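The structure under discussion appears below in the form of structure tokens.
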Amino acid sequence: MNAATPSADASVNRRFPDGFFWGVATSSYQIEGAWDEDGKGESIWDRYAHTPGHVKNDENGDIANDHYHRYKEDVALMKSIGTTAYRFSIAWPRIFPDGTGQPNRLGLDFYKRLVDELLGARIEPFVTLYHWDLPQALQDKYGGWQSKETAKAFADYAGYVAEQLGDRVKHYFTINEFASFVEGGYQGFDVQMGGGKTIHLGGAPGLVLSDSDLKQVRHHAVLGHGLAVQAIRAGAPAGTQVGFAENMRTAVPVIDSPEYVQAAEAATRDRNAGFITVMLEGRYPDEYLAEAGGQAPKFTDEELATIGTPLDFVGINVYRPGSYVEPSDKPPGYRDIPINASHPKMQSEWHIFDAEVMYWAPRHVQALWGASSIFITENGCAASDVIASDGRVYDSDRVMFLRAHLGQLQRATADGVPVHGCFVWSAQDNFEWIYGYGNRFGIVYVDFDTLERTPKLSAKWFREAARRNAVV
Ligand code: PNW
């Protein structure tokens with residue numbers, strides 16, 4: 001017989017490297033609730049969501065998933081679906097209600113309980129120190145990240161947490177999605193859609209700064225990251241690992257050939273100049289400064305060295321391609337091709353679909369910056385989930401999305417790209433920022449009236465993939 005017989009277990013060739021982390025992710029404001037309990041201070045997201053007109057249906061995170069009180073149930077759920085790592089964020093205003101000064105022991109105790117519960121369930125904790133819920137006191141006092149003082153306060157807070165949790169937490173991400181909270185919170189930004197359309201996104205604190213002021217805010221955010229890396233290393237035991245988690249704008253090559261791939265790499269380096277590129281190279285690309293001209297950020301060489309402090313790993317949130325590129329004879333040597341109006345997308349209005357980005361994003365990180373350890377810190381999609389008459393949730397599109405993306409990630413690992421884990425966004429449906437509770441990203445469904453949790457079909461898929469450490 002000539003035809004090859006399909007293997008009984010097709011996933012045998014689609015395995016991830018041993019020790020690969022099968023993670024899920026959340027953030028404090030999106031799931032905790034208990035917004036003013038146990039001495040927590042107000043955050044800019046409390047203030048922003050409490051102000052009418054900012055969030056769809058004027059919803060807010062006051063109660064959210066009530067994870068603050070239900071964390072034991074939530075950890076047990078994660079365990080039951082085979083999770084081996086959990087990425088969650090710490091609410092800075094729980095630890096320092098005024099941003100600086102006296103720490104609030106009750107706030108810290110919550111995270112100690114959570115971490116102990118995770119370790120008891122053999123789930124590795126990965127802590128994000130800043131997922132956008134800045135203490136409102138620092139917004140009032142300094143204009144938030146408009147001031148270097150906020151970067152310094154962040155480092156003090158990060159160092160304190162690493163010292164306090166250092167015996168239990170080995171992995172830290174300093175800041176989540178610089179581009180989203182800086183561009184969104186301090187000016188608003190456009191996202192490219194198919195057919196030449198763009199949509200405009202924003203968030204707390206809801207300011208609209210000039211381009212030059214915005215570049216200074218970017219600089220303070222990456223400076224805060226660098227100072228925090230140093231503070232974590234000073235406060236935590238040896239062996240503690242630290243990096244960032246950024247939504248990289250990934251250029252996908254139209255054709256997989258050396259010229260196209262080189263064009264895509266160059267575009268990716270340029271598009272992330274003010275964040276990933278400066279953090280991994282310790283300098284702003286010449287083109288970024290030249291293009292900014294008189295509006296370039298003010299900085300010192302010492303600050304650049306701090307920003308470029310070497311990291312243990314690079315975290316990237318991967319949802320969609322930023323653009324598609326082809327080579328060009330003219331500078332800068334590449335050119336964006338338009339995204340078609342009929343290009344497939346997922347439920348979120350910004351969510352262009354193409355799983356190839358899950359191959360190219362980590363591959364570019366390795367090729368451009370020689371990263372030796374990469375984590376996919378977020379990947380997932382929103383879907384129109386409902387409880388069916390049999391009590392189950394059939395999120396077929398999310399299963400399609402995850403299988404396609406993980407397939408591309410497995411391809412990257414097979415090509416030698418050092419990806420050591422992937423965190424699905426999200427562990428459960430939650431407060432999706434300006435979209436409120438309508439955009440469900442969870443692999444676990446949450447009824448926001450009863451707060452009952454129901455694993456979706458995608459959770460079943462995840463469990464089997466984690467069990468076999470393979471695309472299934
Ligand atoms: C991320 N885009 O935000 C955040 O880190 C999460 O808090 C959030 O819930 C999740 O992704 C889903 O939105 C994003 O325009 C914001 O491509 C914008 C984009 C992607 C992710």
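Computed from a predicted structure; not experimentally measured. Counting convention: from 1, in listed order, for ligands and their atoms alike.
With values rounded to the nearest 0.5 angstrom, Arg94 atom CZ is found 12.0 Å from Asp109 atom CG.
The nearest heavy-atom contact from the protein to atom 17 (O) of ligand 1 is Trp350 CE3, 3.2 Å. The protein atom (non-hydrogen) at minimum distance from atom 10 (C) of ligand 1 is Tyr319 OH, 3.3 Å. Among all protein heavy atoms, the one lying closest to atom 4 (C) of ligand 1 is Glu378 OE1, 3.4 Å. Closest protein heavy atom to atom 14 (C) of ligand 1: Glu177 OE1, 3.3 Å. For atom 19 (C) of ligand 1, the closest non-hydrogen atom on the protein side is Asn247 ND2, 3.7 Å.
Residue contacts with ligand 1 do not include Tyr435, since none of its heavy atoms lies under 4.0 Å from the ligand. Ligand 1 is never approached by His351 to a heavy-atom distance shorter than 4.0 Å.
The aromatic ring centres of Tyr48 and Trp132 sit 6.0 Å or more apart. Checked against the 6.0 Å centroid threshold, His220 and Tyr142 do not count as a close aromatic pair. Aromatic pair Phe275/Phe244: centroids not less than 6.0 angstrom apart. If you look at Trp425 and Tyr319, their ring centroids are not closer than 6.0 Å.
A side-chain donor from one of Glu37 and His69 sits under 3.5 Å from a side-chain acceptor of the other.
With Tyr130 as reference, Trp145 is the one residue of Tyr29, Trp145, Tyr157 to meet the ring-ring contact (aromatic ring centres under 6.0 Å, His included) rule.
Short contacts between ligand 1 and Phe441, defined as distances under 4.0 Å to a heavy atom of the residue, involve ligand atoms 12 (C), 13 (O). Each of the following atoms of ligand 1 lies closer than 4.0 Å to a heavy atom of Glu432: 8 (C), 9 (O), 12 (C), 13 (O). Every atom of ligand 1 with a heavy atom of Arg320 under 4.0 Å away is listed here by number and element: 17 (O). Of all the atoms in ligand 1, the ones that sit under 4.0 Å from a non-hydrogen atom of Asn176 are 5 (O). Against a heavy-atom cut-off of under 4.0 Å, His131 is close to the following atoms of ligand 1: 4 (C), 5 (O), 6 (C), 7 (O).
Taking the six-membered ring for Trp and thresholds of 30 and 60 degrees, His420 and Phe375 have ring planes more than 60 degrees apart, a perpendicular arrangement. Below 30°, between 30° and 60°, or above 60°: for Tyr288 and Tyr284 the angle between ring planes is below 30°, a parallel geometry.
Considering backbone and side-chain N/O atoms, Trp132 never comes within less than 3.5 Å of an N/O atom of ligand 1.
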